[in-house]
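Values in this document were obtained by computation on a predicted structure and should not be read as measured data.
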Amino acid sequence: MRLAKMEELGEAVELYPYRYDRTHNSAEARAGEAGLVAAETVVRYPGRIMAKRGTGKTMFVPIQDEWGTLQAYFRKDELGAERFHLVQKLIDIGDWIGVEGTLFRTRTDELTIKVSDFTFLAKAIQPLPEKFHEMSLENKSRRRHLDLAMNLASRERFKRRSAIISDIRAFFAEEEFLEVETPVLQPLYGGATARPFTTHHNALDMTLYLRIADELYLKRLIVGGLERVYEIAKDFRNEGMDRTHNPEFTMLECYAAYWDYHDMMDLTENMLRRLAVRFGDEGKLTYGEHEMDFNQPFRRVRFMDALAGKVGQDLMQTDTAALKELARKHHIEVKPGMGRDKILDEFFSVLVEPELIQHTFVMDHPKELSPLAKAHRKTEGLVERFELFVAGFEVANSFSELNDPREQRRRFVAQKALMDAGDDEAQPIDEDFLAAMEQGMPPTGGMGLGIDRLVMLLVDTANIRDVLLFTHMRPEQ
RNA sequence: GGGCCACUAGCUCAUCAGGUAGAGCAUCUCCCUUUUAAGGAGGUUGUGCUGGGUUCGAGUCCCGGGUGGCCUACCA
């Protein structure tokens, strides 16, 4: 048993020492091989023991650090019987160790450190998982530390996510947006249609909600005179979870004074093209079986036009009764209480969305679906809004922000009516936000983008769990 | 929410007609001074998810429960 060996090992070495002076990591040692070998430089390299291959008086031990693996070669005649015994018998796979020695190539041409001395760094009591088979998705998600330890591809994916988010921050800095932080705990939720998580503040004895969006706070900043703001933050929605949904997820929202949704569309297009160039293949992306070329201008299509193309007739003037009749014909489910625009949305998600593989901006949505968007400047009944679809799912959502407080109040009241009618995703009236808007809000363009889905797209993975380090799962047992 | 499938050693899995369980890796003992899924000899490892039923006998068949996966639906 490992605990028994630990005691014996503990008599010879410090089991949990405090620090280690590294001269090279595995990537640096590989890159500098020629010089290091020629000069017989002594390197000090720490990492985790991933395997042990012994031949009695020698040991080959692959040691893994964040960047990869470097093999260490221990010899009994070099280290002495006692020290060699430690490596051979008492040190286990999973333990952390620092080795010191010179680099050479073995007979089989593997870059190796010939160990002149070593420092024990930390003991592992539990063994690492078996190495020949992929861990199950459940095990990977539930025990991410093991997934990261065993799968370099998984590490790479998460490092890539980090790099993508850093690059988005750099992009917004170049565009002169200010990064801000707004409350997670909110007395009222809003900015999206979704059910919230509820919590309680003891000192104030009041109900608080975990935010479902940052929108209403970011717009207050626009009112306050900060002209370009953005936030990358977790939102929380109390809804189902599946391949593309997690109850907490990372959202990017940005707002710019004096812009409309056309400006936001350009910004979104520029940002995605830049990411595709930096993280894809020169602007081309492969997602599953699909190929997309972000160098090409993004397709732009009006919501009602896309729908007309599918249904074979313009639905702009079609009344609700006729729509319901059409829905039956297309096997589209209409639930009681669904308004005309909601039915149109249903048509859209069933008929159009699945076919939006290539990056496409869908523009000018029906009004009822967008309580925070400004009415279309030309077409009655529509709003100035766009959604970006890629590979069949929605990545971004944007509008010319409604800034007329009288109209905003009417929309809130309409939402309230929906809520009273039993729609538990409708938004409550936010008087505080309305008061801010009444102080005068400049014309503003706003955009929200799901970071997790964007990362899925850029690293070509079908499951949101692959891009979230820790996902929500039921507790075991 | 609906359908299908799975749950057996620490890990990945097997046990094809019901007769109280096995392989590889891990672990333990021994041999081996250039191995790389190292090798060789030997040993240990299980409330077979859970509760009930059928049966002389259940991991195996039946029913309930739990957990997970896939598909589907719902969800700015």
Side-chain angles (χ1 to χ4, degrees), chain A residues 1-5 50-62 69-79 84 88-89 92-94 104-112 114 124-143 146 150 190-195 212-213 215 235 237-247 249 251 253 333 335 342 345-346 348-350 353 362 365 368-373 383 385-389 393-399 423-427 446-450 453 462-463 465 473-477:
Chain A
M1 190 56 205
R2 286 199 174 198
L3 287 172
K5 288 203 302 184
M50 298 306 288
K52 285 166 72 179
R53 296 186 283 271
T55 53
K57 298 197 177 67
T58 66
M59 291 286 295
F60 284 93
V61 178
T69 300
L70 205 55
Q71 172 173 266
Y73 178 48
F74 297 81
R75 290 173 60 101
K76 194 171 185 177
D77 57 6
E78 184 90 21
L79 294 165
F84 187 74
Q88 189 179 40
K89 293 295 176 194
D92 293 310
I93 292 173
F104 73 106
R105 287 267 168 180
T106 63
R107 198 188 282 166
T108 51
D109 204 31
E110 169 101 14
L111 184 61
T112 303
K114 187 174 181 185
I125 295 172
Q126 298 295 332
L128 290 172
E130 195 242 357
K131 58 198 168 197
F132 305 142
H133 301 87
E134 273 275 287
M135 292 164 72
S136 66
L137 180 59
E138 180 191 354
N139 256 333
K140 285 188 201 174
S141 305
R142 230 181 245 293
R143 286 192 271 279
L146 292 181
M150 301 306 290
T193 54
R195 274 176 291 164
I212 58 172
E215 175 147 358
D235 286 349
R237 297 185 186 177
N238 205 341
E239 291 168 349
M241 34 202 300
D242 62 23
R243 224 174 36 251
T244 56
H245 294 80
N246 195 61
F249 61 101
M251 188 76 162
E253 287 195 35
E333 191 188 354
K335 297 200 189 91
K342 190 85 185 157
D345 188 44
E346 200 61 27
F348 191 85
S349 26
V350 173
E353 264 183 42
V362 174
H365 297 59
E368 189 189 296
L369 305 172
S370 322
L372 300 164
V383 291
R385 173 182 179 188
F386 74 80
E387 293 179 292
L388 174 64
F389 287 87
F393 51 76
E394 181 196 341
V395 174
N397 183 26
S398 162
F399 16 88
D423 184 345
D424 53 5
E425 293 187 339
Q427 301 187 41
M447 191 270 285
L449 182 147
R453 289 184 185 177
N463 199 315
R465 280 196 205 168
M473 304 186 85
R474 268 179 230 269
E476 287 179 293
Q477 289 171 353

Participant: Can you build the contact string for nucleotides 70-76 of chain B? Use B for base contact, S for sugar-phosphate-only contact, and - for no protein heavy atom under 4.0 Å.
Facilitator: SS-BBBB
Participant: Between atom CZ in A:R75 and atom P in B:U33, what is the gap in whole Å?
Facilitator: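 After rounding, the gap between these two atoms is 10 Å.
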Participant: So which nucleotide does B:A41 pair with, by the Watson-Crick or G-U wobble rule with both distances under 3.5 Å?
Facilitator: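 Per the H-bond distance test, B:U29.
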Participant: Work out how far the P atom of B:U60 is from that of B:G68, and round it to whole angstrom.
Facilitator: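 Comparing P positions in B:U60 and B:G68 gives a spacing of 22 Å.
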Participant: Applying the Watson-Crick and G-U wobble criteria at under 3.5 Å, what pairs with B:U34? Answer none if nothing qualifies.
Facilitator: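 None - no nucleotide pairs with B:U34, as no candidate has both distances under 3.5 Å.
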Participant: Given side chains that start at C-beta, do those of A:F104 and A:T106 come closer than 4.5 Å, heavy atoms only?
Facilitator: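 Heavy-atom side-chain distance check passes, below 4.5 Å.
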Participant: Rounded to whole Å, how long is the line connecting atom CD1 of A:I93 with atom P of B:G10?
Facilitator: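 The answer, rounded to whole Å, is 18 Å.
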Participant: Mind checking the P distance from B:G42 to B:A21? Whole angstroms is fine.
Facilitator: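 These two P atoms come out 22 Å apart once rounded.
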Participant: Less than 4.5 Å apart, side chain to side chain, heavy atoms only: is that true for A:R105 and A:L111?
Facilitator: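 Heavy-atom side-chain distance check passes, below 4.5 Å.
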Participant: Can you name the nearest heavy-atom pair linking A:I212 to A:D235, along with the distance?
Facilitator: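 Minimum heavy-atom contact is O-OD2, 3.3 Å.
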Participant: Quick one: closest heavy-atom pair of A:R237 and A:A194, and the distance?
Facilitator: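 Here A:R237 and A:A194 meet closest at CD-CB, 3.6 Å.
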Participant: Does the structure show a Watson-Crick or G-U wobble partner for B:A21, both distances under 3.5 Å? Name it, or say none.
Facilitator: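 Base partner found: none.
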Participant: Taking the P atom of each, how far is B:C49 from B:C11, in whole Å?
Facilitator: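 Each nucleotide's P atom is 13 Å from the other's.
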Participant: Can you tell me, in whole Å, how much space there is between the P of B:G52 and that of B:A23?
Facilitator: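 Rounded to whole Å, the distance is 32 Å.
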Participant: I'd like to know if the side chain of A:R453 and the backbone of A:V395 have a donor-acceptor N/O pair within less than 3.5 Å.
Facilitator: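 No, A:R453 side chain to A:V395 backbone: no donor-acceptor pair under 3.5 Å.
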Participant: Using the P atom as the point on both nucleotides, what is the distance between B:C32 and B:A14, in whole Å?
Facilitator: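 Straight-line distance between the two P atoms is 39 Å.
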Participant: Report, one pair per line, the protein and nucleotides 38-44 of chain B atoms (nitrogen or oxygen only) whose separation is under 3.5 Å.
Facilitator:
residue: B:A38; atom: OP1; partner: A:K131; partner atom: NZ; Å: 3.2
residue: B:A38; atom: OP2; partner: A:R53; partner atom: NH1; Å: 2.8
residue: B:A38; atom: N7; partner: A:G54; partner atom: O; Å: 3.2
residue: B:A38; atom: N6; partner: A:G54; partner atom: O; Å: 2.1

Participant: What is the distance from CD of A:Q88 to P of B:C31, rounded to the nearest Å?
Facilitator: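 Computing the A:Q88:CD to B:C31:P distance gives 9 Å.
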Participant: Answer yes or no: side-chain N or O of A:E110 and base N or O of B:U35 forming a donor-acceptor pair under 3.5 Å.
Facilitator: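 Side chain to base: no pair below 3.5 Å.
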Participant: Would you mind classifying the nucleic acid contact of A:F104 as base, sugar-phosphate or nothing, using non-hydrogen atoms under 4.0 angstrom?
Facilitator: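 Since a base atom lies under 4.0 Å of A:F104, the category is base.
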Participant: Side chains of A:K52 and A:Q88: does their closest heavy-atom pair fall under 4.5 Å?
Facilitator: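 Contact flag for A:K52/A:Q88 side chains = no.
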Participant: Which value, in whole Å, describes the distance between the C1' atoms of nucleotides B:C71 and B:C13?
Facilitator: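 Those two atoms are separated by 24 Å.
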Participant: Output the rounded distance in Å from CG (A:D77) to C1' (B:C32).
Facilitator: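 Nearest whole value for this atom pair: 15 Å.
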Participant: Taking any strand in view, what nucleotide pairs with B:C74 in a Watson-Crick or G-U wobble way, both distances under 3.5 Å?
Facilitator: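 Pair assignment: B:C74 / none.
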Participant: Given side chains that start at C-beta, do those of A:E353 and A:E394 come closer than 4.5 Å, heavy atoms only?
Facilitator: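 With C-beta onward as the side chain, the pair stays apart.
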Participant: Measuring only between side-chain heavy atoms, which start at C-beta, is A:M59 closer than 4.5 Å to A:F84?
Facilitator: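 Yes, side chains in contact.
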Participant: Say we look at B:G40 and B:G66: how far apart would their C1' atoms be, to the nearest angstrom?
Facilitator: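 Comparing C1' positions in B:G40 and B:G66 gives a spacing of 45 Å.
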Participant: Using Watson-Crick or G-U wobble geometry with both distances below 3.5 Å, tell me the partner of B:U54, or none.
Facilitator: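 Paired with no nucleotide.
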Participant: If we take the C1' atom in both B:G1 and B:U44, what is their distance in whole Å?
Facilitator: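 Going atom to atom, C1' in each nucleotide, I get 48 Å.
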Participant: To the nearest angstrom, how far is A:M150 atom CE from B:C25 atom P?
Facilitator: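 Distance, rounded to whole Å: 15 Å.
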Participant: Could you state the CG-C1' distance from A:L128 to B:A37, rounded to the nearest angstrom?
Facilitator: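 Result: 15 Å.
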Participant: Tell which nucleotide pairs with B:U47, taking only Watson-Crick or G-U wobble pairs whose two distances are both under 3.5 angstrom.
Facilitator: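 Per the H-bond distance test, none.
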Participant: Of the non-hydrogen atoms in A:A72 and A:T112, which two are nearest, and what is the gap between them?
Facilitator: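 It is C-CG2, 4.1 Å.
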Participant: Specify whether A:F348 and A:H365 have parallel, tilted or perpendicular ring planes, treating 30° as the upper limit for parallel and 60° as the lower limit for perpendicular.
Facilitator: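 Geometry flag for A:H365 against A:F348: tilted rings.
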Participant: Counting only Watson-Crick pairs (N1-N3 plus N6-O4 or O6-N4) and G-U wobbles (N1-O2, O6-N3), all under 3.5 Å, who is the partner of B:U67?
Facilitator: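 Paired with B:U67, as far as the under-3.5 Å criterion goes, is B:A6.
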Participant: Nearest to the A:T112 side chain among B:C32, B:U35, B:U34, which nucleotide is it?
Facilitator: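 Out of B:C32, B:U35, B:U34, the nucleotide with an atom closest to A:T112's side chain is B:U35.
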Participant: Measure the shortest side-chain to side-chain distance between A:K57 and A:D77 over non-hydrogen atoms and say whether it is less than 4.5 angstrom.
Facilitator: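 Sidechains of A:D77 and A:K57: no contact.
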